Student: 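My questions will all concern the structure given below.
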Amino acid sequence: MTEKEYKQCISQALCPEYNALLSGFASEHVFSPEFEKQMNKLIKRRNKPYYTLVNTLGKRVAVIILAFVLVSFTTVMSVEALRKPLLDFITNIFTSHSQIISDPDESKDYPNTIQSKYGITKGVEGYEISYESESTQRRSFEYKKEERIITFEQCTVDSFNVYTNTQDAQTEHIDINGCDAMGWFDIHNYYHLIWNNGEYVIDTMSNIGKDKLIEIAKSVQKVEK
């Protein structure tokens with residue numbers, strides 16, 4: 001018997017037994033809910049526009065250094081936007097404007113759609129709603145009374161991404177019901193407030209003045225489940 005014939009005999013004798021052994025162990029594995037939750041968070045993180053910048057330790061260190069350089073550079077260029085760190089958000093600073101995107105705590109499970117509706121509950125008496133729009137991830141309203149305008153937006157944390165005019169703006173931290181909000185005046189003298197309320201991102205803007213808008217922002221609460 002040649003070596004080739006010997007190998008063929010061994011294969012014919014053992015392969016059926018091996019296949020039968022494997023079929024006895026075959027079963028569809030079901031992952032735990034906790035494992036599925038963690039995997040979904042990893043997928044969300046990979047889908048974020050800045051993921052490729054921070055997916056390794058070396059890149060994270062480089063981003064931190066770059067952020068420090070950018071903040072220093074904006075001081076020289078007198079673009080004061082976003083000097084202070086803001087919880088839950090990442091800002092990309094440009095000469096005349098900034099891009100603000102969510103950077104949520106990955107340990108928290110934020111809703112992917114608008115499941116609970118928030119709204120202004122005080123300070124808009126006598127105003128009319130001049131604009132409104134609702135989708136699965138964003139609710140937008142504009143209140144108007146003569147020349148006074150108040151805008152309100154509720155966004156899912158993962159979908160929040162805005163471009164805003166911060167040229168020569170001095171940003172500040174404002175406490176809104178225990179949440180760290182970012183506030184600033186734009187070149188048109190509108191005051192802006194953005195914060196993460198633990199479920200959604202709330203974005204407000206108005207020409208009624210800083211103090212009045214802060215009071216209105218503090219009235220924002222859940223109006224419909």
Side-chain angles (χ1 to χ4, degrees), residues 37 40-51 53-54 67 81-94 97-124 129 131-143 149-166 169 171-186 190-206 208 210 212-225:
K37 180 179 178 181
N40 287 333
K41 287 183 177 179
L42 287 174
I43 292 171
K44 287 181 183 178
R45 185 181 296 176
R46 286 185 61 87
N47 289 334
K48 289 184 182 296
Y50 58 84
Y51 175 76
L53 297 176
V54 296
L82 315 176
R83 285 187 180 181
K84 298 178 181 178
L86 180 71
L87 298 178
D88 300 318
F89 296 97
I90 283 181
T91 55
N92 297 317
I93 305 170
F94 302 94
H97 67 281
S98 297
Q99 179 192 28
I100 305 175
I101 59 178
S102 291
D103 182 34
D105 184 346
E106 294 293 342
S107 66
K108 296 182 180 179
D109 192 12
Y110 295 100
N112 295 321
T113 59
I114 301 294
Q115 299 174 15
S116 298
K117 296 182 179 181
Y118 284 79
I120 297 171
T121 60
K122 292 181 181 179
V124 291
I129 297 178
Y131 172 82
E132 61 180 302
S133 174
E134 296 196 42
S135 67
T136 58
Q137 295 184 315
R138 183 182 297 265
R139 302 173 65 244
S140 303
F141 297 89
E142 180 182 273
Y143 298 85
I149 295 175
I150 303 169
T151 66
F152 171 87
E153 284 197 339
Q154 173 190 351
C155 308
T156 59
V157 172
D158 285 337
S159 69
F160 184 74
N161 183 350
V162 299
Y163 288 87
T164 182
N165 191 327
T166 57
T171 62
E172 55 188 338
H173 287 251
I174 306 293
D175 181 89
I176 302 295
N177 300 329
C179 300
D180 184 28
M182 169 185 174
W184 76 95
F185 278 103
D186 65 23
Y190 277 74
Y191 195 73
H192 298 246
L193 280 171
I194 298 175
W195 72 96
N196 180 332
N197 71 357
E199 285 187 280
Y200 302 96
V201 174
I202 306 298
D203 183 356
T204 63
M205 176 187 71
S206 182
I208 62 175
K210 169 184 171 180
K212 289 183 179 179
L213 184 61
I214 290 174
E215 289 303 312
I216 286 175
K218 290 181 177 180
S219 81
V220 172
Q221 58 183 288
K222 191 177 297 184
V223 295
E224 184 181 334
K225 295 183 178 180

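Just so you know, these numbers come straight off a predicted model, no measurement behind them.
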Student: I'd like to know whether I176 forms a side-chain contact (heavy atoms from CB on, under 4.5 Å) with I214, so could you lay out the CA-CA distance, the side-chain angles of the two residues, the decisive distance to 0.1 Å, and finally the verdict.
Tutor: CA-CA 8 Å; I176 302 295; I214 290 174; 4.1 Å; yes
Student: To the nearest 0.5 angstrom, please state how far the CD atom of E199 sits from the NZ atom of K222.
Tutor: 4.5 Å
Student: Search all heavy atoms of C179 against all heavy atoms of W195 and return the closest pair with its distance.
Tutor: CB-CD1, 3.8 Å
Student: Report yes if some heavy atom in the side chain of V223 is under 4.5 Å from a heavy atom in the side chain of T121; otherwise report no.
Tutor: yes
Student: Check the angle between the aromatic planes of H192 and W184 and answer parallel, tilted or perpendicular using the 30° and 60° thresholds.
Tutor: parallel
Student: Do the side chains of R138 and E153 get close enough for a salt bridge, i.e. N-O under 4.0 angstrom?
Tutor: yes
Student: Run the salt-bridge test on E132 and R139 with the 4.0 Å N-O cut-off and return the result as yes or no.
Tutor: no
Student: Do K122 and Q221 come within less than 4.5 Å of each other through their side chains, counting heavy atoms only?
Tutor: no
Student: Going by the rule side chain to side chain donor-acceptor pair (under 3.5 Å), which residues pair with E142 if we only count those two or more places apart in sequence or in a different chain?
Tutor: S130
Student: Go through the steps for V201 and I194 under the test side-chain contact (heavy atoms from CB on, under 4.5 Å), then give the verdict.
Tutor: CA-CA 7 Å; V201 174; I194 298 175; 4.0 Å; yes
Student: After noting the C-alpha distance and the side-chain angles of Y191 and M205, does the key distance pass the side-chain contact (heavy atoms from CB on, under 4.5 Å) rule?
Tutor: CA-CA 6 Å; Y191 195 73; M205 176 187 71; over 6 Å; no
Student: What I'd like to find out is whether the side chain of T204 reaches to under 4.5 Å of the side chain of I150, using heavy atoms alone.
Tutor: no
Student: List the atom of A217, the atom of L193, and the distance in Å for their closest heavy-atom pair.
Tutor: CB-CD1, 3.8 Å
Student: With no hydrogens and no angle check, is any side-chain donor or acceptor of Q154 less than 3.5 Å from a backbone partner on S116?
Tutor: yes
Student: Taking side chain as C-beta onward, heavy atoms only, is I216 less than 4.5 Å from I208?
Tutor: yes
Student: Quick one: do the Y118 and E224 side chains pair a donor with an acceptor below 3.5 Å?
Tutor: no
Student: Within the side chain of N177, is there an N or O that forms a donor-acceptor pair under 3.5 Å with the backbone of K218?
Tutor: yes
Student: Using side-chain heavy atoms (C-beta onward) and a distance below 4.5 Å, is S140 in contact with F152?
Tutor: no
Student: Report yes or no: does T113 contribute a side-chain atom to a donor-acceptor pair with the main-chain N or O of Q115 at less than 3.5 Å?
Tutor: no
Student: Tell me the closest heavy-atom pair linking I114 and Q137, and the distance in Å.
Tutor: CG1-C, 3.8 Å
Student: I want to check something: taking the side chain as every heavy atom from C-beta on, are F160 and I202 in contact at a cut-off of under 4.5 Å?
Tutor: no
Student: Looking at every heavy atom in both T156 and Y200, which two are closest together, and how far apart are they?
Tutor: CA-CD2, 4.0 Å
Student: Using a 3.5 Å distance criterion without hydrogens, assess whether the side chain of Y143 forms a donor-acceptor pair with backbone atoms of G123.
Tutor: no
Student: Please step through side-chain contact (heavy atoms from CB on, under 4.5 Å) for the pair T151 and F141, ending with a clear verdict.
Tutor: CA-CA 6 Å; T151 66; F141 297 89; over 6 Å; no
